[in-house]
Amino acid sequence: MADIILESRYPVVLTGAGMSTESGIPDFRSPETGLWEKMDPEDFTIESFTSDPARIYELSYGFFQDILDAKPNTGHKVLGELQARGIIKMIITQNIDSLHQKGGAYRVLEVHGSLSRGVCLECEKKINMGQVLKAVNEGQNPPLCTECNSLIKPDIVLFGEQLPEAFEIARKEVLKSDCLIIIGSSLEVAPVCFLPRLSKNILIINKGRTSVDDSSKVLVRKKAGEALSMLWEEISSREFVRTGLGGVNF
Ligand code: NAD
Ligand code: ZN
């Protein structure tokens, strides 16, 4: 994997919920621990939000707070460092936790939005999620916009909603890339699951099976944090020989 990445002109990463399970945020589909074991996807549709907007905050207050408090894990930090060194060009993520940016990445496409903020459904003002949850905690549920008093929706893509412009940019990035590294995603959610088909060179790091295992050049069946620290060791030792840059240890 290290060789392929270093030989590539424009490596791009695509991550999913498995990237953040080592930061304590459960994914959707892992047996026993996945969120769908205890939550109902029907409560996360745009129809359900518009018919009863307080419900999502009632059901998910603790989960939202946990996401805001979560810390990047080794895997996020390795990707941040690889991007800072220009080795990884872009990170496309389905995650809503903004942990890539907290781990040092600066070119990230959040194709399912981010829970770091809420958005007013009327004037589109963005409001820090910490502030939104504080209002909910103080009894304002559903939370309302400080400008126009309309509903605040978490700025994430609910089932049935259009994806943001970031998805179209992500599609172009995959077309431009010559290597797609997929980490911690079952690739069962559309339309993101169609992105790997645009790439001829797929590398996978994932604990369980994915829908594109058979087309991958390299498949690493390990936890993301562990696999990425190993990848870092490989890449940094080669880079040290090539550029003389000092190593960072994870
Ligand atoms: P998913 O739950 O469908 O799949 C997660 C995959 O990651 C599984 O294949 C699992 O085997 C693997 N995995 C779990 N822990 C791992 C680890 N430590 N290392 C490597 N692999 C690991 O998740 P998905 O494909 O991202 O799609 C589901 C949707 O979930 C996305 O739309 C995303 O928006 C949403 N989601 C996001 C978060 C988050 O922001 N952290 C959390 C839960 C769900
Ligand atoms: Zn407003």
Side-chain angles (χ1 to χ4, degrees), residues 14-39 41 44 60 63-64 66-76 78-79 92-103 108-127 129 132 142-159 161 163-164 166-167 170 181-193 195-196 204-213 219-231:
L14 169 63
T15 65
M19 182 77 221
S20 297
T21 52
E22 290 160 81
S23 290
I25 305 174
D27 63 12
F28 275 170
R29 292 179 184 76
S30 280
E32 288 169 34
T33 54
L35 281 171
W36 293 154
E37 299 276 338
K38 44 181 191 271
M39 283 171 150
F44 295 87
S60 315
F63 177 55
F64 288 175
D66 288 349
I67 289 189
L68 295 190
D69 294 342
K71 304 270 181 299
N73 62 51
T74 308
H76 295 110
V78 166
L79 291 179
I92 302 166
T93 189
Q94 300 168 83
N95 295 343
I96 53 170
D97 53 33
S98 296
L99 287 180
H100 284 300
Q101 293 92 324
K102 289 187 186 168
V108 182
L109 291 167
E110 294 176 309
V111 296
H112 289 166
S114 171
L115 198 70
S116 62
R117 54 189 185 256
V119 59
C120 170
L121 288 185
E122 197 58 42
C123 74
E124 296 183 2
K125 182 180 159 95
K126 310 264 182 185
I127 302 182
M129 198 54 164
V132 175
L144 301 175
C145 176
T146 46
E147 291 292 321
C148 73
N149 228 28
S150 299
L151 275 178
I152 300 287
K153 184 183 86 74
D155 200 10
I156 56 178
V157 178
L158 298 175
F159 293 111
E161 280 193 295
L163 264 62
F167 181 72
I181 310 145
I182 302 170
I183 310 171
S185 176
S186 64
L187 289 171
E188 284 185 28
V189 177
V192 169
C193 61
L195 290 177
I204 298 178
I205 297 174
N206 208 71
K207 233 172 53 178
R209 276 195 58 78
T210 83
S211 57
V212 292
D213 282 1
L219 172 61
V220 179
R221 199 51 98 229
K222 278 187 187 296
K223 284 186 172 180
E226 193 185 337
L228 284 165
S229 334
M230 291 167 74
L231 181 70

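Remember, it's 1-based here, ligands and their atoms both numbered in the order they're listed. All values derive from a computational prediction rather than experimental measurement.
The side chain of I25, and not its backbone, has at least one atom closer than 4.0 Å to an atom of ligand 1 (non-hydrogen atoms only; side chain from C-beta on). Under 4.0 angstrom from ligand 1, the non-hydrogen atoms of T21 all belong to its side chain. Contacts of S30 with ligand 1, taken as heavy-atom pairs under 4.0 Å, involve the side chain alone. Counting heavy atoms closer than 4.0 Å to ligand 1, residue I96 contributes atoms from both its backbone and its side chain. At a heavy-atom distance under 4.0 Å, no atom of M19 approaches ligand 1. For S186, heavy-atom contacts with ligand 1 shorter than 4.0 Å involve the backbone as well as the side chain. At a 4.0 Å heavy-atom cut-off, ligand 1 does not touch I183 at all.
Remark: ligand 1 atoms within the under-4.0 Å shell around heavy atoms of G184 are 5 (C), 6 (C), 7 (O), 21 (N). Within ligand 1, the atoms closer than 4.0 Å to a non-hydrogen atom of S185 are 6 (C), 7 (O), 24 (P), 25 (O), numbered from 1 in the order shown. Every atom of ligand 1 with a heavy atom of P26 under 4.0 Å away is listed here by number and element: 42 (C), 43 (C). Near L187, meaning under 4.0 Å from one of its heavy atoms, ligand 1 places the atoms 25 (O). For ligand 1, the atoms lying closer than 4.0 Å to a non-hydrogen atom of G208 are 11 (O).
Considering only non-hydrogen protein atoms, atom 26 (O) of ligand 1 sits nearest to A17 N, 2.7 Å. The closest protein non-hydrogen atom to atom 21 (N) of ligand 1 is K207 N, 3.1 Å. The nearest protein atom to atom 34 (O) of ligand 1, hydrogens excluded, is given as Q94 O, 2.5 Å; this is a heavy-atom distance. Counting only heavy atoms of the protein, atom 44 (C) of ligand 1 lies nearest to F28 CE2, 3.2 Å. Nearest protein heavy-atom neighbour of atom 5 (C) of ligand 1: D27 OD2, 3.5 Å.
When the options N206, L79, L99 are evaluated for a side-chain contact (heavy atoms from CB on, under 4.5 Å) with M19, the one that passes is L79. When the options L187, I181, D213 are evaluated for a side-chain contact (heavy atoms from CB on, under 4.5 Å) with I204, the one that passes is D213.
C145 contributes SG and C148 contributes SG; the angle these two atoms make at the Zn ion (ligand 2) is 110°, rounded to 10°.
By the 4.0 Å heavy-atom criterion, E22 is counted among the residues contacting ligand 1.
The nearest non-hydrogen atom to atom 9 (O) of ligand 1, considering only L35, N95, N206, comes from N206.
Using the six-membered ring where Trp is involved, H100 and H76 have ring planes that are perpendicular, over 60° apart on the 30 and 60° scheme.
Rounded to the nearest 0.5 Å, atoms SG (C193) and CD (Q94) are 8.5 Å apart.
For K153, the NZ atom counts as densely surrounded, since its 6.0 Å shell holds more than 12 non-hydrogen atoms of other residues, nucleotides or ligands.
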